[in-house]
Amino acid sequence: MTMDHSKITELSAKHPKLNVSYTYGTAGFRTKADVLDSVIFRVGLLAVLRSKKHAGKVIGVMITASHNPAQDNGVKLVEPMGEMLAQSWEQYATELANASSDDALIAALQNVVEKEQIDLSNEAVVIVGRDTRPSGEALVAALTDGVQALGGKITDYGLTTTPQLHYLTRCLNTQGTPDAYGEPSEQGYYRKLAEAFKRIVSGKPKLSTIYVDAANGIGAPALHKLAKVLTDDLLSVQVVNDDTATPTKLNHQSGADFVKVNQKKPEGFDLKPGMRCASLDGDADRIVFWYADNAGTFKLLDGDKIATLAAEFIMGLVRKAKVPNINVGLVQTAYANGSATAYVKDTLKVPVVFTPTGVKHLHHAAEEFDVGAYFEANGHGTVLFSQQAIKAFHSTTGKTAEETEALEILKALTDLINQTVGDALSDLLMVEAILTSQGRSLADWDSAYSDLPSRLEKVKVQNRLNFEAIKADTELAKPEGLQQKINQQVAKFKHGRSFVRPSGTEDVVRVYAEADTQENADLLANIVCGLVYDQYGGVGERPAKFKKVDQQGNIIA
Ligand code: NG1
Ligand code: ZN
């Protein structure tokens with residue numbers, strides 16, 4: 001069987017390539033929505049090939065730009081078991097997106113078919129979901145053309161959170177097998193979470209209301225629906241920032257990224273001490289928690305705090321249930337707070353693995369453990385259970401009431417925690433289940449360790465590809481000399497740490513700094529930003545707060 005070149009050409013004509021160059025990066029393709037039409041069409045073509053490569057298994061496509069502003073959009077491919085696209089295929093995605101003519105496009109497709117030895121007579125099935133961005137619907141139409149150009153079938157699941165699309169993909173591919181993951185529908189997703197949550201919290205006193213900032217995105221309707229299935233006696237949730245009808249409000253002054261980066265509450269909250277709050281991002285795969293302490297100071301519980309809470313709780317259960325040979329590990333990135341890493345190593349005595357930024361790296365590293373908790377500090381993460389661990393939880397019989405209860409909770413957690421990808425709704429219920437079990441407040445959870453003050457900044461540069469990060473993003477190999485200059489500055493600060501890396505989702509380089517006080521963390525960040533901007537190709541208006549440093553490394557302004 002061969003590809004129908006005339007059909008590809010005919011449909012491709014509806015989605016002309018613009019004079020833009022694209023890269024399938026950390027979060028798939030992500031850029032301004034108005035330059036994405038041809039890219040999404042071509043992703044449709046690639047999704048068909050990926051499905052054929054997997055002998056007709058369902059491939060997921062999620063159209064979202066997560067926490068980016070409303071005018072952006074993006075696309076990510078999902079593998080049959082719900083993981084992110086295999087890294088070896090990212091290059092094909094980039095090649096297809098950049099093919100400059102129909103002939104080049106067909107040649108690029110042919111290249112994939114040959115290199116991957118794809119049997120074109122296999123079936124191909126693709127499903128698609130999208131977040132609430134206004135550009136989403138037209139992009140689904142472009143994707144549909146792409147899928148059909150190669151004779152694939154496509155089902156549009158409409159508005160979904162990113163993790164729901166991952167869930168649906170896995171459910172469809174495992175239906176009727178011993179690995180069946182759940183009912184492949186949105187309601188099936190809510191029912192699975194609610195049922196597992198109930199198994200953990202029933203009989204325990206309910207916590208006070210949790211106020212969830214949904215960033216005016218897809219998480220809002222999803223959380224409303226989940227809350228309905230959960231019923232009020234299990235969890236009291238109040239959804240805030242749920243205006244999905246006004247596109248400009250998406251992620252505006254709200255959402256997990258806004259709260260984490262600015263370290264302040266989002267719009268729409270009259271924050272009082274004692275209130276329990278959380279923020280989702282625009283596609284509901286990130287969550288951070290926050291509250292005001294007795295003095296009214298804003299306090300953030302980020303991904304690091306979630307990971308340590310979960311790891312500690314699950315370790316305790318494994319010990320109580322006396323399940324043998326279960327190793328627990330934690331995966332972090334360079335953005336993890338230094339205090340979090342120290343707490344995990346020194347207090348929890350759990351091994352920590354560091355990977356480069358981007359969940360696909362963390363996910364794979366977490367798979368190496370029986371219980372692998374991975375979270376980016378920004379709130380994206382989950383806890384993975386190995387097949388062996390799940391089997392062990394099911395085959396162990398508790399000898400005491402305590403052992404039996406611990407086993408029941410462990411089993412429920414394997415259903416409650418999304419095994420495909422970080423999921424804000426699942427993580428919300430996981431945290432609430434743990435806190436309910438422990439009868440614990442946010443402040444008490446927070447007291448496990450104190451974050452070192454930190455600052456995350458970004459610098460616009462001529463070409464961020466001149467910056468090459470190494471050692472799990474903690475150092476730069478390029479540009480020449482910059483790393484030494486950063487080291488020289490870091491050495492001047494107590495508990496100082498700083499690193500620079502090119503963003504995979506925005507045209508900027510990110511600068512992170514940590515130090516003993518907030519003032520010092522800010523100062524270190526502004527020194528490093530100034531170094532990058534002044535000496536390594538900064539563009540656009542120079543933010544006044546960036547420091548000027550002379551060749552000897554002394555601050556001159
Ligand atoms: P970039 O833009 O590559 O820093 C951001 C996050 C990543 C990851 C991706 C995907 C930070 C500092 N970076 O990537 O951790 O979540 O988005 O959404 O939070
Ligand atoms: Zn997201």
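Just so you know, ligand 1 is whichever comes first in the structure, and atom 1 is the first atom listed for that ligand.
- In terms of polar-atom proximity, defined here as any N/O pair under 3.5 Å, Gly504 does make such a contact with ligand 1.
- The N/O atoms of Arg501, backbone and side chain alike, include one that comes under 3.5 Å of an N/O atom in ligand 1.
- Of all heavy-atom pairs spanning Glu457 and Ala525, the tightest one is CG-CB, 4.2 Å.
- In this structure, Lys460 fails the cation-pi test against Tyr533, since its NZ or CZ atom is not both closer than 6.0 Å to the six-membered ring centre and inside 45 degrees of the ring normal.
- Near Thr26, meaning under 4.0 Å from one of its heavy atoms, ligand 1 places the atoms 3 (O).
- Counting atoms of ligand 1 from 1 in the listed order, those under 4.0 Å from a heavy atom of Thr357 are 7 (C), 15 (O).
- For the residue pair Ser66 / Asp281, a side-chain donor-acceptor distance below 3.5 Å is found, with atom types taken as modelled.
- Take a cut-off of 2.8 Å around the Zn ion (ligand 2): the protein N, O or S atoms inside it are Ser66 OG, Asp281 OD2, Asp283 OD1, Asp285 OD1.
- In this structure, Arg170 is positioned above the aromatic face of Tyr181, its NZ or CZ under 6.0 Å from the six-membered ring centre and within 45° of the axis.
- Between the side chains of Gln263 and Lys260, no donor-acceptor pair of N or O atoms lies under 3.5 Å.
- The shortest side-chain heavy-atom distance between Arg501 and Val509 does not fall under the 4.5 Å cut-off.
- Contact analysis puts Arg286 in contact with ligand 1, with a non-hydrogen atom separation below 4.0 angstrom.
- The nearest protein atom to atom 10 (C) of ligand 1, hydrogens excluded, is given as Ala27 CB, 3.9 Å; this is a heavy-atom distance.
- At under 3.5 Å, a nitrogen or oxygen of Arg510, whether backbone or side chain, sits near a nitrogen or oxygen of ligand 1.
- Residue-to-ligand polar distances place Ser503 within reach of ligand 1: an N/O pair is separated by less than 3.5 Å.
- For ligand 1 and Tyr335, the ligand atoms under 4.0 Å from any heavy atom of the residue are 12 (C).
- Residue Thr505 has at least one heavy-atom neighbour below 4.0 Å for each of these atoms of ligand 1: 1 (P), 2 (O), 3 (O), 14 (O), 17 (O).
- Seen from the ring of Tyr449, Lys305 counts as a face-on cation partner, given the 6.0 Å and 45° thresholds.
- Not a single salt bridge (charged side-chain N to carboxylate O under 4.0 Å, His left out) links Glu312 to another residue, sequence neighbours left out.
- Taking the side chain as every heavy atom from C-beta outward, Ile287 and Ser279 never approach each other to under 4.5 Å.
- Residue contacts with ligand 1: Asn378 is placed with a nitrogen or oxygen under 3.5 Å of a nitrogen or oxygen of the ligand (distance criterion only).
- Across Val75, Val128, Thr160, Thr161, a single residue satisfies side chain to side chain contact (heavy atoms under 4.5 Å, CB included) together with Met62, and that is Thr160.
- For Glu376, a nitrogen or oxygen atom sits less than 3.5 Å from a nitrogen or oxygen atom of ligand 1, counting backbone and side chain alike.
- In the model, Tyr189 has no side-chain atom that pairs as donor or acceptor with a side-chain atom of Asn418 under 3.5 Å.
- Closest heavy-atom contact between Arg542 and Lys547: NH2-O, 3.3 Å.
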